[in-house]
Amino acid sequence: MAIIIGENTSTIIQGITGKNASLHTKFMLEYGTKIVGGVTPGKGGQEVEGVRVYDTLHECMSEHPDATVSSVWVPPRFAKDAILEAIDSGIKTVVVITERIPIHDMLCVRQVAQEKNVLVIGGNTPGLISPEKSLVGMLPKITFQPGRIGTVARSGAVTYYLANSLNLAGFGESTSVGLGGDPILGANFEDILQLFEADEETDAVVMAGEIGGVYEEIAAPYIREMSIPVIAYIAGKAAPAGKRLGHAGAIIEGSMGTAQSKIDALRSNGAIIAETLSEIPELVKKAISKKA
Amino acid sequence: MAIIIGENTSTIIQGITGKNASLHTKFMLEYGTKIVGGVTPGKGGQEVEGVRVYDTLHECMSEHPDATVSSVWVPPRFAKDAILEAIDSGIKTVVVITERIPIHDMLCVRQVAQEKNVLVIGGNTPGLISPEKSLVGMLPKITFQPGRIGTVARSGAVTYYLANSLNLAGFGESTSVGLGGDPILGANFEDILQLFEADEETDAVVMAGEIGGVYEEIAAPYIREMSIPVIAYIAGKAAPAGKRLGHAGAIIEGSMGTAQSKIDALRSNGAIIAETLSEIPELVKKAISKKA
Amino acid sequence: MRLYEYEAKNLFRRYNIPVLDSILVDNSSFNELDKVAYPVVVKAQVFLGGRGKAGFVQFAQNRKEAEKKVANMLGKKHGSFTIEKVLVERRIEIDRELYVSAAIDRLKHEPLMIASQKGGVEIEVVARKDPSAILKYYFKIGAKLPDFQARNIASDLGFTGAAMSVCADIVLRVFTLFVHLECKLVEINPLVVAHDGRIIALDAKVDLDEDAMFRHHELKEMGIVARHEIGELTKRERVAKAKGIPYVDLDGDIGVFPGGAGFGIAAIDLIQHYGGKPANFMDSGGAPTQEKLRAMLGLLIDNPRVKAIFGARFGGISRCDDWAKAVVQYVIENKPKKPMIMRMAGNMEEAGRKILEQAKQEHQELFKNIKIYAYDTPIEEVIKETIRIAKTQRDAGN
Amino acid sequence: MRLYEYEAKNLFRRYNIPVLDSILVDNSSFNELDKVAYPVVVKAQVFLGGRGKAGFVQFAQNRKEAEKKVANMLGKKHGSFTIEKVLVERRIEIDRELYVSAAIDRLKHEPLMIASQKGGVEIEVVARKDPSAILKYYFKIGAKLPDFQARNIASDLGFTGAAMSVCADIVLRVFTLFVHLECKLVEINPLVVAHDGRIIALDAKVDLDEDAMFRHHELKEMGIVARHEIGELTKRERVAKAKGIPYVDLDGDIGVFPGGAGFGIAAIDLIQHYGGKPANFMDSGGAPTQEKLRAMLGLLIDNPRVKAIFGARFGGISRCDDWAKAVVQYVIENKPKKPMIMRMAGNMEEAGRKILEQAKQEHQELFKNIKIYAYDTPIEEVIKETIRIAKTQRDAGN
């Protein structure tokens with residue numbers, strides 16, 4: 001099964017004519033992602049990698065009403081409008097690659113997404129992948145293998161690393177989801193954990209958080225309700241507190257959001273804590289065999 | 001029974017320290033209206049006719065949680081905020097005396113009122129009266145007598161006239177409601193007709209509309225569903241078409257809103273049409289006796 | 001409050017909605033015609049529709065022809081309007097005529113944008129015969145029109161690519177103008193695609209909410225102020241307007257001195273119903289001052305057509321005693337001879353009655369033609385009596 | 001991005017939020033002290049909290065005393081900050097200290113206003129021990145704060161009558177500033193009631209969203225631009241900043257050359273976990289240019305503390321081949337002697353590998369200290385090797 005995207009998921013690329021978007025459209029198509037159309041206002045009628053470009057998502061959807069996923073690659077100042085357009089057009093999951101979206105814009109997007117029950121992943125997400133089925137975003141395909149472990153991480157590089165080390169240990173992923181690095185995100189850990197919990201082809205979930213923000217703490221209570229094991233890792237234990245680190249999601253703010261507060265919240269709700277990335281495959285193995 | 005206001009209805013006056021508001025507060029109190037407080041921002045702590053003035057409606061409501069009606073007498077530029085304050089504070093019926101409220105302000109008010117299920121009467125209403133029980137607004141008490149006829153009119157003077165002629169013919173009113181003369185109103189005929197229909201002490205309703213606007217046409221289909229007779233009168237048959245009459249609600253616009261289009265809509269839905277104000281008492285008498 | 005085309009286009013320029021360069025010509029500025037490129041369109045500036053059919057939109061190939069057509073138009077009447085200004089614009093080649101507006105749906109009480117690919121003078125016919133060609137986009141008051149919605153409208157208007165973006169910007173600006181200035185209507189009909197590809201608002205209609213104008217000082221700076229807008233005013237209407245009294249001359253002989261907003265219309269109905277002819281419509285507004293009440297009375301007394309005056313005061317926010325005081329003071333100061341038949345009821349009725357009684361006793365001669373009835377006399381009786389007295393006056397040649 | 005108190009107060013003035021007149025003094029502008037009325041408060045301009053306890057808020061009775069205290073403060077360190085400017089304000093008598101802010105609740109993802117009658121330095125203690133004294137008012141982003149809500153807040157702050165209206169205006173302006181400039185935080189602590197009845201923002205904190213600053217040109221006009229704000233920058237941090245590279249010096253000897261946003265933090269964790277000491281934090285951002293990649297490498301090579309460099313490229317939007325090209329070009333041009341141990345996997349890994357192999361063959365000597373592992377070597381192995389090599393280097397005295 002996998003979550004959110006599968007082999008038949010029709011996907012639209014917003015901002016498809018951009019340099020990165022068109023390059024990764026090529027990669028996604030090569031991977032097998034079913035891209036049914038692209039949108040760039042003012043460039044309707046063009047083609048990118050054989051994909052037709054529309055002026056509006058509405059127009060694109062009227063020709064491809066089966067599309068459920070769109071991915072946003074537009075510059076930050078246009079991101080809010082692009083996401084709202086996707087929500088308004090009936091898209092169910094919006095994967096927002098754009099990074100550094102203004103915070104107030106994202107607060108507005110969250111509000112509308114919640115009202116309309118739409119899953120917005122990102123901004124500043126590398127995307128998500130259901131290996132050998134579909135890839136939406138810019139994850140490097142080589143890192144991922146099909147399997148029964150779900151992964152969800154805030155950092156793109158950690159997502160790749162996780163998959164890499166799971167694969168080296170003989171595991172593969174049902175789906176790997178990058179939540180994104182912007183300070184205000186659409187989907188949080190809990191949203192994705194719920195999807196994995198409901199997925200019959202996911203045996204365990206690895207979640208990788210980091211210092212800064214409160215997403216890990218918010219998700220913790222839900223872990224207690226889950227039937228599949230959750231292995232959690234928090235990056236940034238060694239990060240210098242009080243110094244501002246460039247990755248916006250990793251700023252240490254207030255008393256919340258320290259590595260320790262996150263680890264405590266997760267552990268006390270039944271998550272299996274990995275002290276380092278390296279020990280994750282071993283912990284996954286144990287958790288699954290214990291359950292079986 | 002009566003509708004909206006009865007002898008025990010706790011009422012608040014917004015803008016109570018204004019010249020007209022304080023004068024009519026006196027009249028309302030004399031009539032027996034239970035005014036529990038007044039609000040004028042910046043004048044908290046004063047008294048008007050023995051009624052305590054609060055800075056905020058919130059503060060007033062926290063001391064008088066039983067209040068269900070408030071009446072707005074503030075200048076037009078503050079009316080929107082005062083009405084929204086009333087809605088936010090849990091008031092169920094807002095009687096807006098203020099006239100010439102900007103149209104976009106009233107559109108906003110209507111939107112919020114609808115969401116929160118609050119009845120906003122006016123703007124530019126003379127108010128409403130349940131004779132010998134309660135009076136909210138500036139209707140002249142002398143004109144009204146208790147009885148079993150409901151009246152609802154757009155113009156204040158027509159409301160007075162109606163009651164006057166019904167009384168001279170031996171009838172009285174359960175409640176008389178002035179909808180108000182502004183171009184965009186809160187409550188419309190249908191809202192009030194529904195309340196009269198549900199009121200056990202109302203035997204018939206007289207509705208008096210006028211040229212301009214679409215309120216009469218909108219209400220017409222509901223009349224068909226009513227069990228009590230509706231006698232309807234439309235003022236302005238003799239008004240010079242195409243000339244702008246000062247009473248904003250009476251502007252002839254487009255093909256809708258002519259006296260004839262209103263009369264046709266009302267008649268075809270079962271209303272008894274009065275050609276002149278004068279024949280109303282006779283029509284009421286007939287309608288009631290026919291039904292009994 | 002409707003604006004003239006040239007005023008609306010000035011607003012359009014302020015909001016960067018593309019319009020043609022144009023010049024405004026009146027009797028004193030024919031030399032403006034040197035400043036425009038020919039051929040041109042000459043358009044009378046009037047509020048009333050149908051100016052095209054009435055011959056008040058004309059083409060001119062050159063300055064000479066334009067001058068002739070302008071001169072011909074100025075001073076003519078369109079309905080009750082005298083044409084005082086004409087707008088002269090370059091005539092352009094047009095490929096398509098579209099329709100775009102922002103308006104208020106009074107049935108749903110919601111603002112909306114309306115767009116159609118079938119713009120032009122026949123848009124009402126399209127709306128009736130082919131409603132699917134008229135697209136409606138509702139929005140919440142207070143909310144911004146999202147950019148994507150503007151693009152959807154531009155796309156629905158048949159634009160693609162770069163032209164879609166240009167049109168979406170125009171749609172956004174129409175919306176912005178509508179919201180910023182709290183309009184009742186902003187309408188472009190037609191919005192045209194010129195032969196050279198430009199998208200231009202060829203006509204412009206803006207209807208403002210007078211009651212919101214106090215918030216928009218920029219309008220005053222542009223010379224747009226609240227005004228009487230329908231037809232040419234009579235002398236008396238001008239006087240009334242200057243005093244802030246809504247007043248319209250009618251052609252009967254019974255002066256109507258109403259009390260209480262809204263009753264003026266019903267009073268006219270009643271007078272006509274009983275066979276009388278009202279001489280005017282008038283509205284006192286919510287709480288008229290003494291001075292205003294006296295001015296209202298003065299308008300009727302000074303009108304030679306008026307044979308008798310019908311007055312009615314339902315005292316609400318406007319108190320009977322104030323009303324009585326104003327009447328008494330007017331009578332004492334002006335010693336009018338015309339009969340006045342009135343009815344006074346409502347708020348402060350007793351106090352009003354005392355004032356009138358006392359004045360009547362002190363100035364018996366002055367008040368001999370003045371009758372003021374109370375609560376217990378039906379208004380029909382008062383009206384019938386007024387009609388009867390007016391007839392007597394007419395018959396007596398007064 | 002936090003602002004200095006004086007910058008925040010300039011914004012407050014722009015939004016008509018009442019603050020005291022003040023002067024800004026640095027080493028070159030002591031004569032400004034003539035322009036203020038005494039007694040005064042002298043406040044160090046730093047981002048770090050706790051300046052009061054650290055002695056960086058002082059009173060002065062007269063100019064002489066003020067000059068001494070200013071001179072004493074300038075150049076001192078508060079945490080890692082050097083105090084470069086002080087703000088000097090008239091000292092006033094205070095009756096009450098309140099708290100007002102507009103902020104973002106990151107648990108609910110909603111903006112809100114916060115108010116408390118118990119303002120002052122102990123507000124955090126109040127929040128912990130007496131949470132009911134902290135009032136929260138959530139609002140929807142995009143919506144205006146209704147006037148009545150501002151009045152409710154003013155009323156909840158204990159104001160009545162005219163003072164309530166004054167305070168409600170301040171609350172509205174705080175809201176407006178927060179929304180207009182898309183702030184993360186606008187905070188007044190304390191908002192004071194002066195003995196003479198005035199309501200004044202005695203302190204001012206504003207935290208801006210750097211990612212929204214492109215929309216707010218007025219900030220640039222006021223001299224407020226995106227900047228590194230925490231502590232004093234090291235020389236290398238200044239260089240990095242000038243090149244747009246997020247970089248923080250740490251005190252270890254392993255240079256971290258990350259690839260892919262977010263991995264920098266995890267890399268530091270891993271190095272520490274295996275007993276190594278990272279020399280820096282660095283972030284490449286989403287899609288670094290060749291030039292930026294070479295600059296990042298240069299920062300590490302030029303750092304004498306760095307004994308070995310650990311690099312990792314997970315090619316996503318940043319492609320492995322681009323990364324490999326940048327490394328090769330840097331090595332050929334700069335002939336670095338420091339060992340570099342790297343791992344490259346992901347997007348365009350094959351192409352990257354070819355570039356590296358070819359360079360290695362062509363420049364064997366230059367690449368002898370450079371090892372680049374692939375997808376199939378776990379990153380822990382690469383890190384462990386880096387730590388081992390760094391130790392060898394250290395032991396060898398390199």
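The analysis underlying the following values was restricted to heavy atoms, covering all of them including side chains, and did not include hydrogens, waters or symmetry mates. In what follows, chains carry the letters A, B, and so on, assigned in the order in which the sequence lines appear, proteins first and then strands, with residues in each chain numbered from 1.
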C:D105 atom CG, over 12 foreign heavy atoms within 6.0 Å: yes
When the 4.5 angstrom heavy-atom criterion is applied to A:E59 and chain C, the contacting part is side chain
Ignoring hydrogens, what is the shortest heavy-atom contact between C:S165 and A:P41? Give both atom names and the distance. OG-C, 4.0 Å
Can you tell me if C:D34 has over 12 outside heavy atoms packed within less than 6.0 Å of its CG? yes
OG1 (A:T56) and CD (C:Q149) are apart, to the nearest 0.5 Å, by 10.0 Å
Within residues 151-159 of chain C, the residues sitting under 4.5 Å from chain A by heavy atom, in sequence order, are C:R151, C:N152, C:S155, C:F159
When you compare the side chain of A:L57 with that of C:F148, does any pair of heavy atoms fall below 4.5 Å? no
Sorted by first residue and then second, give each salt bridge (Lys or Arg N to Asp or Glu O under 4.0 Å) pair with at least one member in residues 114-130 of chain A; sequence neighbours left out. A:E115-D:K140
What residue in A:D81, A:V53, A:L84 has the most heavy-atom pairs under 4.5 Å with chain C? A:D81
With rounding to the nearest 0.5 Å, note down the distance linking OG1 in C:T160 to CD in A:Q46. 11.0 Å
Decide if atom NZ of C:K220 counts as having more than 12 heavy atoms of other residues, nucleotides or ligands within a radius under 6.0 Å. no
Got more than 12 heavy atoms from elsewhere within 6.0 Å of NE2, C:H109? yes
